[in-house]
Amino acid sequence: MDKKIVKLSSLALAITAALSSQALHAEEEIVVNEATLERIEVTARKTAESLQNVPVAVTSVSAEQLAENGITEVIEVQQFSPNTTLQRSRGTNSTLTAFIRGVGQEDPLWGYEPGVGIYIDDVYVARPQGAVLDILDVQRVEVLRGPQGTLYGKNTIGGAIKYVTRKMTGDAEFSLQGTYGSYQQTDFKIAGQYPLVDDKLYFGFALASLQRDGYGEFLKSALPGQDKENYNKDVLAGRLTLEYTPTDALFMRLNYDKTEDESNAKGGYRLLPSLLTDAPVPDSVYDSYTSMPTWNKVETEGLSFTLEYFINDDWTFKSVTASRESYSPTNIDFDNTDLRIFDVPAIYDDEQFSQEFQVNYDSDNLTLVSGLYYFKGDSCGLFDAILEEAFIDFGGLTREVSGCNNSESYAAYVQGSYNFTDKFSLTLGARYTQEEKQATVNNGVIFDSIYPQTGWYPGFERDEDLIEASIPTVLDDSEDWSRFTPRIGVEYQYDQDMMFFASYSQGFKSGTFNPRAQGPEPAVDPEVVDSYEIGVKSEWNNNLRVNLTAFYLDHKDRQFVTVLPGEDASDLNQRLGNIGTSTAKGLELELQYAATESLNLFGTLGLIDSSFEEVISYDEDGNQIDISDSYTVANTPDTTANVGFNYNLDTEIGAFVFNGNYYYRSEYDLTVTDSLLTQEGYGLLNFGLNWYGNEGNWTAGLHWKNVTDEQYLVGTYAFVTPTDDGGYLPGLGGDNTLIGYYGDPQTISLTVGYTF
């Protein structure tokens, strides 16, 4: 891996040197090339800037790119950002698993904090449920790689994903769009805006109905009359916006969004034959078995108010007030059989409120972003681990766990860049965060099959008195932390088209309590990432963009669950502690080349070498030992790469845009411990053909994704113990529970749109 990085560094330096030589002789040679690159604007530093002027590793995918590549969900953006993993989580279609540079969070249970921050119009989305955002009325999606602890705060130690919705133009608009595709995909989108008061008050809306049959089905179910679709989609999403500009100096925006996802619970593929049933391993990786209801629901909604006041040419004041909530009852069949071997019905219930005030300054030599931030989040839930088959003689057994991890935090931050000369500038930033978390955990066992609500399972009635008597409160505690996270960077503007930069930054992920605690246990401290970057951003002859970043990060105090032996198979004795340290080093290369006025080529390459340096455990005698050899950094392939093209063709009947890309991910593990499940390297080939009518009203797009129909794992549940001879011992529930969840198969879709 080190040799790979050294070779790429040498190649990049050679390219830079050759291109620099060409630039030095530009006066002696007139280059005629009408093909130019488009300026890309980002808000990575909370102010609008050109991508090439931002000393941060950031990828921006515009609305036009999203549409022309047929990208309908935020997870597909991973193809365009090096060292990035954005996947649907395991049992649902709406829960996000996000990793950047080997940093993220695999377990979406309440109480666990994400390692990659998700933002909708500068509003932090605290929970991964419902974070697989559908592309609706979007202006661009930005991927910020590396810790963003100064400007964005906690839980951005891997980076941040920013979903930026479209601002209104002021004109009356109305558009319709319909999509029909594989597996009976039937999508409808409408969007529009209307000036209520010319040049001052505008109303906007967007609504989407997204439907698709399943890629597979539930072959066998213990419940009659259940919907057998597996990996289907049933989403209704909407957005309403009011924008008010009473004067040139004042702008206000009120935004409301809501999403209802009633897609079925997602059934996994049994990678090992069941020891307790005679059902064979399914022929299709999208087929499954279940003993649970197949329904599922994820409801999210948010309200935000943004105010911007341009005090004068240099000073700006901004306020962002927001609240969000989500509710998700879900059915997760861990064993994926028609027996209740290891079934987990669950409810996630989250609310959050945030307030941010910014005061920004921008002059010829100094740019300053400063602010105050407040966040309050209530994250609660309940799950029932039903192990009926293992305790059939007792009428079944359920371990119920419920509770909340509620947090409240205050922060103050400032970051400024000062130009000492026309070429040299210095960036300094710091954030101070004070956070308190309060947690309750209820945990106990009932010898019966228990569900979260009456009517959840046919004929089931929940006895709350029995629950209260049998499920004690085992943890009720609070803890507070404070953290200072700095950033320092230097930038050298070699000329107007080339900038070199280097930086050090720090970020932290919140401390927390164990949401599965079986008794009193202390909170774990925050995780901390120290990151070092050097890079260059350059453009050549206005038609070649070369951005290269090298990084090293040190990830300390990683929060891990240690599974301790219990008295019997019903014990989920998991203790949470700061027991791990990992490091990562790598390179990220992004290229864009306007070969002609009609042909654009692009490519990205991400290389990373990540590993655990220490994982603390104890032997049978209580002596401390290091077990890092059995740990790997999950969801992090050594290599991610993407190459593609766009070709524009003007004709008498309109403009055509042909595009295609090939996205590659090398081998990666899906579990942190023991490499229980590994996805071999694979590539996705995609093609698209887009048409724009001469009058500017009609558009159409034909998109062919995963042309070669690759099958690739994106998630797993692994409850087995590997043996020395390559076999497995059964885990919780007494069965071979090694389950795989897969990415989308080959699909073809046709989209037609009309704008009035």
Side-chain angles (χ1 to χ4, degrees), residues 91 109-111 221-226 265 276 290-297 327-335 337-351 378-406 438-477 513-521 564 566-575 719 731-735 737:
L109 193 67
W110 65 89
S221 172
L223 292 174
Q226 294 291 301
L276 302 180
T290 188
S291 58
M292 303 184 69
T294 59
W295 58 262
N296 188 75
K297 181 181 290 187
Y327 176 73
S328 178
T330 184
N331 287 286
I332 307 174
D333 193 328
F334 276 55
D335 59 282
T337 70
D338 62 331
L339 299 178
R340 280 182 277 195
I341 295 171
F342 191 0
D343 293 356
V344 185
I347 294 176
Y348 297 84
D349 193 358
D350 302 285
E351 295 182 0
D378 296 336
S379 181
C380 302
L382 180 157
F383 73 81
D384 291 299
I386 303 171
L387 309 173
E388 182 174 282
E389 292 304 314
F391 294 86
I392 193 69
D393 293 336
F394 300 91
L397 179 143
T398 301
R399 177 173 288 280
E400 180 166 293
V401 178
S402 65
C404 297
N405 265 262
N406 301 330
Q438 187 276 329
T440 58
V441 179
N442 310 302
N443 194 330
V445 170
I446 296 176
F447 283 96
D448 199 353
S449 294
I450 302 298
Y451 291 83
Q453 295 174 342
T454 294
W456 189 293
Y457 193 87
F460 172 75
E461 293 187 9
R462 185 175 171 89
D463 187 340
E464 293 296 346
D465 292 334
L466 173 64
I467 300 297
E468 185 176 353
S470 304
I471 312 297
T473 299
V474 297
L475 187 149
D476 188 352
D477 202 353
F513 289 89
N514 183 4
R516 298 185 180 92
Q518 287 188 247
E521 61 179 88
L564 303 176
E567 296 181 359
D568 54 47
S570 71
D571 277 343
L572 298 173
N573 197 358
Q574 301 177 344
R575 292 189 66 87
F719 291 90
L732 194 64
D735 203 0
T737 301

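For clarity, every value in this text was computed on a predicted model and none was experimentally measured.
- Checked by atom type and distance alone, the side chain of Asp384 never pairs as donor or acceptor with a backbone atom of Ser449 at under 3.5 Å.
- To the nearest 0.5 Å, atoms CZ (Phe513) and CG (Leu475) are separated by 6.5 Å.
- Each of Asp349, Asn405, Asp350 was scored for a side chain to side chain donor-acceptor pair (under 3.5 Å) with Ser379, with one residue passing: Asp350.
- Under the side-chain contact (heavy atoms from CB on, under 4.5 Å) criterion, Ser328 pairs with Val298, Thr330, Tyr348, sequence neighbours left out.
- Judged by distance alone, the side chains of Arg575 and Asn514 never bring a donor and an acceptor atom under 3.5 Å apart.
- The nearest pair of heavy atoms linking Leu387 to Gly733 is CD2-CA, 4.2 Å.
- The line from OH of Tyr451 to OH of Tyr457 is 5.0 Å long, rounded to the nearest 0.5 Å.
- Here the CD1 atom belonging to Ile386 is positioned 8.0 Å from the OG atom belonging to Ser291, to the nearest 0.5 angstrom.
- Across every non-hydrogen atom of Asn331 and Pro345, the tightest pair is OD1-CB, 4.0 Å.
- Under the side-chain contact (heavy atoms from CB on, under 4.5 Å) criterion, Gln453 pairs with Tyr327, Ile347, Trp456, sequence neighbours left out.
- For the ring-ring contact (aromatic ring centres under 6.0 Å, His included) test, residues two or more places apart in sequence or in another chain that qualify with Phe334 are Phe342, Tyr717, Phe719.
- Summarising the geometry of Leu223 relative to Pro293, their closest heavy-atom pair is CD1-N, 3.5 Å, with the distance given to 0.1 Å.
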Taking it one step at a time, do Asn443 and Arg399 satisfy side-chain hydrogen bond (donor to acceptor under 3.5 Å, both in side chains)?
CA-CA 7 Å; Asn443 194 330; Arg399 177 173 288 280; 2.7 Å; yes
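- When all heavy atoms of Gln226 and Ser221 are compared, the closest pair comes out as CG-OG, 4.3 Å.
- Applying the side-chain contact (heavy atoms from CB on, under 4.5 Å) criterion to Glu351, with sequence neighbours excluded, gives Glu325.
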Would Asp476 and Gln438 satisfy side chain to side chain contact (heavy atoms under 4.5 Å, CB included), going step by step from the backbone distance to the final call?
CA-CA 8 Å; Asp476 188 352; Gln438 187 276 329; 3.2 Å; yes
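- Within the model, atoms CD of Glu388 and CD1 of Ile450 stand 10.5 Å from one another, a figure rounded to the nearest 0.5 Å.
- With 3.5 Å as the limit, one finds no donor-acceptor pair spanning the side chains of Asp735 and Thr737.
- Residue pairs that meet the salt bridge (Lys or Arg N to Asp or Glu O under 4.0 Å) test with at least one member in residues 453-465, sequence neighbours left out, are Glu400-Arg462, Arg462-Glu464.
- The aromatic rings of Phe383 and Trp110 are tilted relative to each other, their planes meeting at an angle between 30° and 60°.
- Judged purely by distance below 3.5 Å, without hydrogens or angles, the side chains of Thr473 and Asn442 pair a donor atom with an acceptor atom.
- In this structure, the separation between OG1 on Thr294 and CG on Asp333 is 11.0 Å, given to the nearest 0.5 Å.
- Taking both residues in full, the closest heavy atoms of Cys380 and Asn406 are given as SG-OD1, 4.1 Å, listed atom of the first, atom of the second, then distance.
- Atoms CG and CD1, from Leu732 and Ile341 in turn, are 11.5 Å apart once rounded to the nearest 0.5 Å.
- Thr398 pairs by the side chain to side chain donor-acceptor pair (under 3.5 Å) definition with nothing, not counting sequence neighbours.
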